[in-house]
Amino acid sequence: DSGVTQTPKHLITATGQRVTLRCSPRSGDLSVYWYQQSLDQGLQFLIQYYNGEERAKGNILERFSAQQFPDLHSELNLSSLELGDSALYFCASSVEPGGEQYFGPGTRLTVT
Amino acid sequence: GDSVTQMEGPVTLSEEAFLTINCTYTATGYPSLFWYVQYPGEGLQLLLKATKADDKGSNKGFEATYRKETTSFHLEKGSVQVSDSAVYFCALSDLSGGQGNLIFGKGTKLSVKP
């Protein structure tokens with residue numbers, strides 16, 4: 001158990017819908033990262049937050065957004081969902097940017 | 001930009017065989033290098049890491065050495081077990097332009113047969 005929790009574990013929704021994925025980092029970790037794992041794209045970095053502020057953006061679509069709250073948990077919002085958004089979404093946390101990252105178990109999103 | 005290339009699998013070995021999974025990287029700076037492992041249905045676990053040239057990371061019988069001259073970080077294990085069956089990802093930490101986010105290779109699936 002990495003100490004990083006993600007909810008829900010599975011999510012099935014229809015095209016055009018909006019969903020929110022939640023991540024709670026390890027106790028004491030200030031930095032949260034979101035990654036997407038899909039069969040065709042592999043593991044890709046989406047976005048990073050540190051102590052509530054956005055620090056880095058990767059290949060994140062404009063339909064996706066995220067935030068980190070004062071209690072340090074983070075949410076990833078995916079809107080206008082398309083079939084191609086079906087993937088595993090991982091959250092990871094570290095004490096500080098560049099530190100060792102610990103991954104949550106992931107949320108498997110299926111868009112039908 | 002920075003990138004990681006690792007040998008594509010699947011790799012199938014018999015128990016107690018020697019394992020090598022090749023990984024090379026391209027980076028403008030001096031990244032930290034990692035191997036992560038993903039067991040079926042689970043998230044990623046850090047297997048080992050190296051933060052500077054010539055460092056050797058090791059864990060659970062796995063080893064990898066940070067080779068700056070060949071920009072490589074090959075994963076090795078002398079004697080694999082059935083329980084090592086998993087997908088292995090090589091990654092680097094993007095410290096130059098980013099904030100330490102990881103850049104992953106495509107993963108290598110290892111199957112170990114009894």
Side-chain angles (χ1 to χ4, degrees), chain A residues 1-7 9-10 21 23-26 29-60 66 68 87-108, chain B residues 1-10 21 23 25 27-52 55 57-59 64 66 73 86-109:
Chain A
D1 185 355
S2 66
V4 179
T5 60
Q6 289 186 250
T7 55
K9 192 166 183 171
H10 301 279
L21 313 183
C23 167
S24 293
R26 287 190 323 155
D29 285 359
L30 299 179
S31 202
V32 169
Y33 308 76
W34 286 97
Y35 294 88
Q36 178 195 60
Q37 184 179 33
S38 63
L39 280 174
D40 51 346
Q41 299 292 327
L43 262 164
Q44 288 198 101
F45 166 68
L46 295 178
I47 197 164
Q48 179 204 1
Y49 282 82
Y50 176 70
N51 205 20
E53 292 187 4
E54 182 186 302
R55 277 296 184 97
K57 262 186 173 179
N59 297 320
I60 188 165
Q68 186 179 28
L88 257 174
Y89 291 84
F90 287 108
C91 167
S93 72
S94 65
V95 172
E96 58 188 4
E100 195 167 305
Q101 292 182 34
Y102 294 85
F103 281 75
T107 293
R108 181 172 292 281
Chain B
D2 294 358
S3 65
V4 174
T5 302
Q6 64 179 103
M7 61 186 281
E8 297 200 19
I21 301 178
C23 171
Y25 68 90
T28 51
Y30 301 97
S32 294
L33 301 174
F34 305 86
W35 278 99
Y36 279 84
V37 59
Q38 185 176 30
Y39 297 101
E42 296 185 16
L44 284 85
Q45 298 176 30
L46 178 63
L47 182 59
L48 53 85
K49 67 177 183 180
T51 57
K52 60 183 188 298
D55 266 2
S58 61
N59 186 25
Y66 191 143
F73 193 55
V87 181
Y88 292 81
F89 293 92
C90 185
L92 65 81
S93 182
D94 180 10
L95 291 174
S96 56
Q99 292 286 325
N101 55 276
L102 295 171
I103 296 171
F104 288 91
K106 290 190 179 299
T108 302
K109 183 174 182 180

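In what follows, every chain begins at residue 1, and chains take the letters A, B, ... in the order their sequences are listed.
A donor-acceptor pair is defined here as one N or O able to donate and one able to accept, closer than 3.5 Å; such a pair exists between the side chain of B:Gln6 and the backbone of B:Cys90. Checked by atom type and distance alone, the side chain of B:Gln38 never pairs as donor or acceptor with a backbone atom of B:Val87 at under 3.5 Å.
Of the listed residues (B:Glu42, B:Lys49, B:Gln45), the greatest number of heavy-atom pairs within a distance under 4.5 Å of chain A belongs to B:Lys49.
If you look at B:Phe104 and A:Phe45, their ring centroids are not closer than 6.0 Å.
Only the side chain of A:Glu100 has a heavy atom closer than 4.5 Å to any heavy atom of chain B. Contacts between B:Leu44 and chain A at a heavy-atom distance below 4.5 Å involve backbone atoms as well as side-chain atoms. Using a 4.5 Å cut-off between heavy atoms, B:Phe34 makes no contact with chain A at all.
When only modelled atom types and interatomic distance are considered, A:Tyr35 and A:Gln37 share no side-chain donor-acceptor pair under 3.5 Å.
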